[in-house]
Amino acid sequence: MLSAEMLTILENARTTGWILEPQAKRLLVLAGVAVPDFSLAATAAEARTAADRIGYPVVAKVVSAAILHKSDVGGVVVGIEDAVRLDAIFDRFSALEGFAGLLVEEMLPGTELIVGSTVDYQFGPVILLGIGGTGVEIYQDTVIRMAPITEKDVHSMVAGLKGAELLNGFRGDEPISIPELTRLMLSFSALVVDLDDKFASIDLNPVKCTGTRCVVADARIMLDSAE
């Protein structure tokens with residue numbers, strides 16, 4: 001069941017048709033889905049305070065209702081090592097259209113996955129899992145199940161990926177935590193079911209997974225136009 005705070009987030013996003021990333025990540029937190037340590041900074045001083053608390057290096061992202069695809073405007077910078085660079089990035093981002101703040105986040109290691117959902121006109125909401133990151137559109141290595149999914153579904157989805165070996169410690173890399181991925185996907189599935197017909201699509205890309213964590217590094221939630 002959606003909480004009052006979740007419903008408020010959805011209501012406030014109606015004017016834009018999509019949920020800004022800080023609010024999208026808050027929605028995920030309320031649903032029990034892990035996200036990075038983050039803060040929304042309205043000033044350069046607030047950004048520095050957030051980075052000091054989170055610990056360098058950090059990631060900075062522009063927050064703007066006018067910018068759906070942040071990468072199109074260079075609105076994501078990773079590996080920021082100090083306050084001098086963070087100040088310069090804040091100055092650049094603050095000149096972008098509709099600037100509403102700077103999202104400061106912890107840097108996340110791990111294998112990149114994509115988790116998502118759309119609403120099929122015939123079957124209702126479906127859950128997607130795939131090899132994520134920048135190569136998702138090239139490799140198109142994804143599997144889909146109808147929501148809600150079970151723990152057994154998650155395991156079969158992982159096994160169904162052509163790149164499943166990447167998740168199991170390919171060539172000495174650290175295998176990801178399947179229990180943590182399962183926890184994330186089951187919580188996400190429950191959220192999708194609770195949202196019912198209130199959304200059009202949800203893209204969590206990338207989801208960063210290590211041997212101990214699976215965390216949503218970036219989230220985009222598009223609302224149903226009928227809403």
Side-chain angles (χ1 to χ4, degrees), residues 1-36 38 68-70 108 110-133 136-137 140-161 164 167 176-209 213-227:
M1 178 181 295
L2 298 176
S3 68
E5 186 176 352
M6 288 173 163
L7 291 171
T8 298
I9 291 171
L10 292 167
E11 180 65 27
N12 290 342
R14 281 190 177 187
T15 55
T16 59
W18 58 286
I19 304 176
L20 293 176
E21 189 173 352
Q23 288 73 43
K25 283 184 170 169
R26 176 58 183 165
L27 186 70
L28 293 172
V29 168
L30 292 169
V33 178
V35 304
F38 74 92
L68 177 59
H69 301 287
K70 294 183 289 290
L108 294 172
T111 300
E112 295 188 344
L113 301 175
I114 179 172
V115 175
S117 182
T118 58
V119 181
D120 183 272
Y121 77 95
Q122 186 173 3
F123 298 109
V126 295
I127 305 294
L128 174 146
L129 172 67
I131 302 301
V136 64
E137 294 180 359
Q140 298 183 343
D141 185 7
T142 60
V143 290
I144 293 174
R145 297 288 187 276
M146 292 174 58
I149 58 174
T150 65
E151 181 175 349
K152 183 178 180 180
D153 289 325
V154 177
H155 286 272
S156 71
M157 292 171 82
V158 170
L161 293 170
L167 312 184
I176 73 164
S177 171
I178 298 300
E180 287 303 309
L181 176 61
T182 302
R183 188 194 316 276
L184 181 147
M185 292 196 64
L186 293 182
S187 296
F188 176 65
S189 172
L191 172 63
V192 165
V193 171
D194 286 342
L195 287 172
D196 193 24
D197 60 354
K198 294 179 174 63
F199 77 100
S201 66
I202 304 175
D203 291 310
L204 312 180
N205 182 32
V207 173
K208 293 285 195 76
C209 289
R213 300 173 74 192
C214 279
V215 182
V216 176
D218 195 73
R220 181 182 302 137
I221 302 176
M222 308 297 297
L223 300 185
D224 191 303
S225 58
E227 286 291 305

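Fair warning: this is a prediction, and the values are worked out from it, not measured in the lab.
Here the side chain of K208 pairs no donor or acceptor atom with the backbone of R213 at under 3.5 angstrom. Side chain of S117 to backbone of V126: a donor-acceptor contact under 3.5 angstrom is found.
Contact annotation: the side chain of L129 approaches that of L161 to within less than 4.5 Å [non-hydrogen atoms, C-beta and beyond]. Using a 4.5 Å cut-off on side-chain heavy atoms (C-beta onward), P206 and D218 make contact. For the pair V192 and I202, the minimum side-chain heavy-atom distance is below 4.5 Å. Between V207 and V215 the shortest side-chain heavy-atom distance does not fall below 4.5 Å.
The shortest heavy-atom contact between A24 and I19 is N-CG2, 3.4 Å. Taking both residues in full, the closest heavy atoms of N12 and T15 are given as O-OG1, 3.9 Å, listed atom of the first, atom of the second, then distance. Residues S187 and A31 approach most closely at CB-O, 3.6 Å, considering heavy atoms. When all heavy atoms of A147 and I127 are compared, the closest pair comes out as CB-CG1, 3.9 Å. The shortest heavy-atom contact between V35 and L28 is CG1-CB, 4.0 Å.
Remark: the D153 side chain and the T150 side chain contain an N/O donor-acceptor pair separated by less than 3.5 Å.
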Applying side-chain contact (heavy atoms from CB on, under 4.5 Å), run through V158 and L167 and close with a yes or a no. CA-CA 8 Å; V158 170; L167 312 184; 3.9 Å; yes
Which is it for S201 and R220 under the side chain to side chain donor-acceptor pair (under 3.5 Å) test, yes or no, and what are the steps along the way? CA-CA 8 Å; S201 66; R220 181 182 302 137; over 6 Å; no
